[in-house]
There are 2 protein chains.
Amino acid sequence: MPAKPSARTARRSGAAPASAELRERILSATRELLQESRFDTLSVADILTAAEVSRASFYFYFPSKQAVLGELVREAVTQGQEAAQPWIDGRQDPVAALRAGVREGARLWSANAGVLMAIVESWGSDEDLRALWLEQMDLFTDAAVARIRSDPHVLRRLGDADVRAVAASLTWMGERLYYLAAAGVPPFDDEETLVEVLTDAWTSILYGRRDPAQLSEARPTVGDDTGSATRDRRSS
Amino acid sequence: MPAKPSARTARRSGAAPASAELRERILSATRELLQESRFDTLSVADILTAAEVSRASFYFYFPSKQAVLGELVREAVTQGQEAAQPWIDGRQDPVAALRAGVREGARLWSANAGVLMAIVESWGSDEDLRALWLEQMDLFTDAAVARIRSDPHVLRRLGDADVRAVAASLTWMGERLYYLAAAGVPPFDDEETLVEVLTDAWTSILYGRRDPAQLSEARPTVGDDTGSATRDRRSS
DNA sequence: CCATGACCATACACACTGTCCGGATAGCGC
DNA sequence: GCGCTATCCGGACAGTGTGTATGGTCATGG
């Protein structure tokens, strides 16, 4: 069966074949594809087409599509570490800093929804991705632990509880809620709701109170519950 | 190429070829296989071998291996609904009931670790499984919402927060932590730690206090933190 | 002017899924 | 005992993926 030997010869003409240019193309293409497809339904062939790269080249730069995802995750997550900083170094009001961090996290997640959803869905099935993701979660946990340890008020409140376990819980609760938000699962698909509930949870657990400040923020009546539906992202 | 026409003829001899007997064999075999393999690395062929069933028969009873998982999940999750009952109908001390429910949940998860890990890892990639799991989580959420609504103390404390969102957060935090425990991710791989931290989180958020009772329970010094390692189940 | 390195097309070995078909066999009515 | 039918089996096949291997093309630079 004769394949069409059509126009696939207009590339080398481009400016610089700078060493790892194809590598970049692969990365970008994958990142974009992930915005509309799930990682596991994405075939290498799809990436090849989108990046206009040959199979051989792909496997020259990456050992597998999982490796590509790993790279993208590292990129995305680096920014995340920074979002948490304000709360970590604890120069501001903790609750305010926390809320700001949570909101920043939400922004970050929606900006990189494709990549982050992909890693969350895939770290269970690939050794390298698993190590990568667990390491990232550990970093957040470490930061939270440090912050908690440096706050006598929180320490007292926590009593004899396992500080690291508490910190890890908070980290993973965040991971899950952000993921659900990105996946369009109600009620987390609404950013405002997400931020409120996450912040409340963190402050309740650590500081034993809900943030009074939130009441002053302009937030329309919630009109909550009665929502058992299952709406999905991917339909936009 | 002559295949060995060997001993595959010792089954029909068995007692009753009662209608859906093969179906049962498939279910059990899969359940057992899931205790040592991940769902996505499990091929239909593996199930066929384990259940001593032909490919044709398999596809007669189930449209796909996902459907098998769905069935197993329904079985496992039904028990879960009951575990939550004591807290739901709220005749006992809420915190005590909560703690008991959380512990029961932990037991349930470790008893059905294979199946439950499988659904958690797979609901993102299959329409039916997704609907099934989201429905289950919604059921738990509904129950929590009802319980919260019927408790003026909690209601007051929650203020204008979105009740359903809070309930959903608690549900999903549980899902994630139980999963991590089953997956052997520290510090949740220790049941005691898991139960404590989950109960504390729920009570902190809902009742604004940690349970004083827990201090009286015999619980050895935690010797917490300094654990960033990544140990995996599947190695037992 | 040709060697080299970057890249491509193609095709292959292997694995898995889901479908289809020609039997084999056991129980059952007769 | 005899054929019927429901049930189940082995095996083959098409379709789709992945990862590897082979040989060819083209621009550049020595």
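Naming: A, B, ... by sequence-line order, numbering from 1 per chain.
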| query | Any idea how A:Trp109 and A:Tyr179 line up, ring-wise: parallel (<30°), tilted (30 to 60°), or perpendicular (>60°)? | reply | perpendicular

| Separation of A:Leu48 atom CG from D:dT20 atom C1', in whole Å? | 14 Å

| query | What is the distance, rounded to the nearest whole Å, between atom CG of A:Leu22 and atom C1' of D:dA27? | reply | 14 Å

| said: B:Ser57 vs B:Ser54, test: side-chain hydrogen bond (donor to acceptor under 3.5 Å, both in side chains). Steps then yes/no. | reply: CA-CA 5 Å; B:Ser57 300; B:Ser54 79; 3.1 Å; yes

| query | Does the A:Ser37 side chain pair with the main chain of A:Leu34, one donor and one acceptor, at a distance under 3.5 Å? | reply | no

| task | Kindly check if the number of other-residue, nucleotide or ligand heavy atoms within 6.0 Å of OH (B:Tyr59) is above 12? | result | yes

| query | Does C:dC8 have OP1 or OP2 sitting under 4.0 Å from an N or O in the side chain of A:Ser57? | reply | yes

| said: Restricting to non-hydrogen atoms, name the atom on A:Leu116 and the atom on A:Leu108 that form the minimum distance, rounded to 0.1 Å. | reply: CD1-O, 4.3 Å

| Roughly how many Å is it from CD1 in B:Ile26 to P in C:dG18, rounded to a whole number? | 13 Å

| request: Check the distance between C:dT17's C1' and B:Asp46's CG and give it to me in whole angstrom. | output: 13 Å

| Rounded interatomic separation in angstrom, taking CD from A:Glu21 and P from C:dC7 | 8 Å

| Distance check: side-chain N/O of B:Tyr61 vs OP1/OP2 of D:dC8, anything under 4.0 Å? | yes

| message | As an exercise, state the distance from CD of B:Gln136 to OG1 of B:Thr141, rounded to the nearest 0.5 Å. | response | 11.0 Å

| query | Rounded to the nearest Å, what distance is computed from the CD atom of residue A:Glu24 to the C1' atom of nucleotide C:dC7? | reply | 17 Å

Write out a two-atom table: protein N or O, nucleotide N or O from nucleotides 17-19 of chain D, distance below 3.5 Å.
unit_1	atom_1	unit_2	atom_2	d
D:dT18	OP1	A:Val44	N	3.3
D:dT18	OP2	A:Val44	N	3.2
D:dG19	OP2	A:Tyr59	OH	2.9
D:dG19	N7	A:Arg55	NH1	2.6

| task | Would you kindly give the CZ-to-C1' distance between B:Phe60 and D:dA6, to the nearest whole Å? | result | 10 Å

